[in-house]
Number of protein chains: 2
Amino acid sequence: MTVPHISRADRRRATEARILDSARELFAERGFDRTTIRAVAAVAGVDPALVMQYFRSKRELFTQAVQVSPALPADTDGDALVDQLIATLGLNLGGLPDGMLAMMRSMLTDPAAADHARTTLDRQIGSIGAALPEVEDPELRAALVITTMVGVTIGHQLLGLEALRDAPADRIATLLRPAFKALTEPPH
Amino acid sequence: MTVPHISRADRRRATEARILDSARELFAERGFDRTTIRAVAAVAGVDPALVMQYFRSKRELFTQAVQVSPALPADTDGDALVDQLIATLGLNLGGLPDGMLAMMRSMLTDPAAADHARTTLDRQIGSIGAALPEVEDPELRAALVITTMVGVTIGHQLLGLEALRDAPADRIATLLRPAFKALTEPPH
DNA sequence: CCATTCACTCAACGAATGTTGACCCAATGA
DNA sequence: TCATTGGGTCAACATTCGTTGAGTGAATGG
């Protein structure tokens with residue numbers, strides 16, 4: 001029986017994807033420093049040197065692995081915005097993509113990851129802040145909403161806090177909704 | 001002129017404290033992995049081997065360096081609790097001790113630090129949850145309050161997000177107060 | 001004054017890691 | 001069929017790190 005025959009170009013793409021997936025997985029589990037080129041290669045079933053041929057350095061491998069488009073909120077405002085934030089958080093708690101988990105896990109210890117995270121979060125804050133035109137300090141409020149989501153996500157996905165681990169995502173979202181409303185509303 | 005004369009025991013305590021301070025500082029800045037025994041020794045003005053004599057391993061040095069009693073909320077309830085949480089957060093934003101910064105910075109990448117953080121946060125969550133007797137899911141609500149504080153602290157102290165960096169701590173606390181109230185109150 | 005203690009340094013080991021260059025062999029295409 | 005391309009491996013280098021054991025010299029105390 002002959003092998004189904006895979007073209008050279010297809011093989012290349014396949015192994016490149018396998019390496020990238022392994023990298024994302026390990027970066028998400030252990031962060032940048034503790035993830036080894038050798039470990040990535042082992043999971044991908046490949047020689048460590050090959051990883052270096054495909055991506056030129058560990059740093060670039062990380063950059064490519066975490067390259068995911070963060071779901072920016074569409075520009076709505078008022079209650080719809082809060083609903084959208086809550087929906088996003090619900091999705092996050094359901095299962096964040098490995099790329100984003102890798103970013104979050106590394107952002108406190110790897111300066112490059114910190115820069116990336118800072119930029120991404122600042123952009124999201126600006127976007128949300130622009131959708132809160134009728135309150136004081138819209139950007140500050142937006143920042144508090146975003147950092148709250150970050151904190152809850154960390155506690156749930158990366159730390160596995162008892163009280164959050166087994167709570168259903170929609171229950172968390174429900175409880176958080178009035179808090180977000182309070183953050184985005186002018187004092188009454 | 002003679003040197004003021006320092007007893008052997010005093011010298012020992014002094015250098016031990018110097019090492020511990022340097023360690024705390026570096027652990028807080030760079031986290032566990034990126035902090036080197038050699039770097040700690042250099043900052044302390046001491047040979048790396050001496051660090052190993054005083055503390056038996058890098059791990060134990062870290063453990064000793066981050067040993068700080070987290071300010072547990074006294075058992076009050078209702079509005080007083082929220083006030084106390086807000087006050088605590090205000091203090092945190094003012095200047096968190098290096099030991100706690102070191103813990104937070106390392107908890108996403110170092111399993112031991114993660115365990116410590118998880119335990120500490122779970123304890124605080126239990127304590128706050130016990131002070132919320134008249135609502136549904138008190139522990140879940142407490143967890144959301146705590147993770148919110150963690151997220152805001154990370155965004156402010158460890159990431160340095162634009163919108164949070166230059167915001168006065170009491171302004172942040174003021175904005176966060178209604179959110180905490182919403183999280184700890186039964187639906188009306 | 002002298003033997004002892006002890007804070008401290010020096011030099012090195014062994015392991016792990018990112019990275020590199022030479023090499024192998026099957027697919028490719030003329 | 002045969003030269004060539006290129007995916008993939010092997011072995012090694014250079015560096016860094018935690019950790020160790022021997023050694024030094026000044027403070028200690030009898």
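In what follows, chains are A, B, ... by sequence order, proteins preceding strands, each numbered from 1. Computed from a prediction, not measured in an experiment: that's the story for all the values here.
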Atom pair CD (Gln84(A)) and CD1 (Ile128(A)), whose distance is rounded to the nearest 0.5 Å: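 CD1 of Ile128(A) is found 9.0 Å from CD of Gln84(A).
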
Take the protein atom [atom1] of [X] and the nucleotide atom [atom2] of [N], then report the distance between them rounded to whole Å.
X: Arg59(A); N: dT17(C); atom1: CZ; atom2: C1'; answer: 15 Å
X: Glu16(A); N: dG7(D); atom1: CD; atom2: P; answer: 10 Å
X: Gln53(B); N: dT19(D); atom1: CD; atom2: P; answer: 14 Å
X: Phe62(B); N: dG18(D); atom1: CZ; atom2: P; answer: 14 Å
X: Asp47(A); N: dT20(C); atom1: CG; atom2: C1'; answer: 12 Å
X: Glu60(A); N: dT19(C); atom1: CD; atom2: P; answer: 10 Å
X: Arg13(B); N: dC8(C); atom1: CZ; atom2: P; answer: 12 Å
X: Asp33(B); N: dG18(C); atom1: CG; atom2: C1'; answer: 16 Å

First of Arg18(B) and Thr36(A) reached from the 5' end of DNA chain C, by closest nucleotide: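 That would be Arg18(B).
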
Closest-nucleotide 5' rank along DNA chain C - winner of Gly45(B) and Thr35(A):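 Its nucleotide being nearer the 5' end, the pick is Gly45(B).
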
Name the closest nucleotide to the [X] side chain, picking from [options].
X: Met52(B); options: dT19(D), dC17(D), dT9(C); value: dT19(D)
X: Ala49(B); options: dT9(D), dT9(C), dG8(D); value: dT9(C)
X: Leu50(B); options: dC8(C), dT19(C), dG8(D); value: dC8(C)
X: Arg38(A); options: dT17(C), dC17(D), dT20(D); value: dT17(C)

Residue-phosphate contact under 4.0 Å: [X] side-chain N/O, [N] OP1/OP2:
X: Ser57(B); N: dG18(D); result: no
X: Tyr54(A); N: dG8(D); result: yes
X: Arg11(B); N: dC8(C); result: yes

Salt bridge Arg118(A)-Asp115(A), side-chain N to carboxylate O under 4.0 Å: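 Answer for the salt bridge query: yes.
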
What's touching nucleotides 26-28 of chain D from the protein side, N or O pairs under 3.5 Å?
from, atom 1, to, atom 2, distance (Å)
dA27(D), N3, Arg8(B), NH2, 3.4
dT28(D), OP1, Arg8(B), N, 3.2
dT28(D), OP2, His5(B), NE2, 3.2

Within 45° cone of Phe32(A) ring axis and under 6.0 Å: Arg59(A) NZ or CZ: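 Geometry flag: set, cation within 6.0 Å and 45°.
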
Arg24(B) to Phe62(B), cation-pi by 6.0 Å centre distance and 45° axis angle: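 Checked: cation-pi criterion not met.
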
Side-chain donor or acceptor of Arg177(A) paired with backbone N/O of Asp83(A) under 3.5 Å: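 Answer holds: no.
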
Counterpart residues, salt bridge (Lys or Arg N to Asp or Glu O under 4.0 Å), relative to Asp137(A) (two or more places apart):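 Counting only residues at least two positions away or on another chain, Asp137(A) forms a salt bridge (Lys or Arg N to Asp or Glu O under 4.0 Å) with Arg171(B).
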
Side-chain-base donor-acceptor pair under 3.5 Å for Arg12(A) and dG6(D):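 Side chain to base: no pair present.
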
Derivation of the side chain to side chain contact (heavy atoms under 4.5 Å, CB included) call for Arg165(B) and Glu162(B): CA-CA 5 Å; Arg165(B) 213 174 23 200; Glu162(B) 264 186 45; 3.4 Å; yes

Audit row: Arg13(B), Asp10(B), salt bridge (charged side-chain N to carboxylate O under 4.0 Å, His left out) steps and yes/no: CA-CA 5 Å; Arg13(B) 268 186 291 273; Asp10(B) 283 347; 3.0 Å; yes

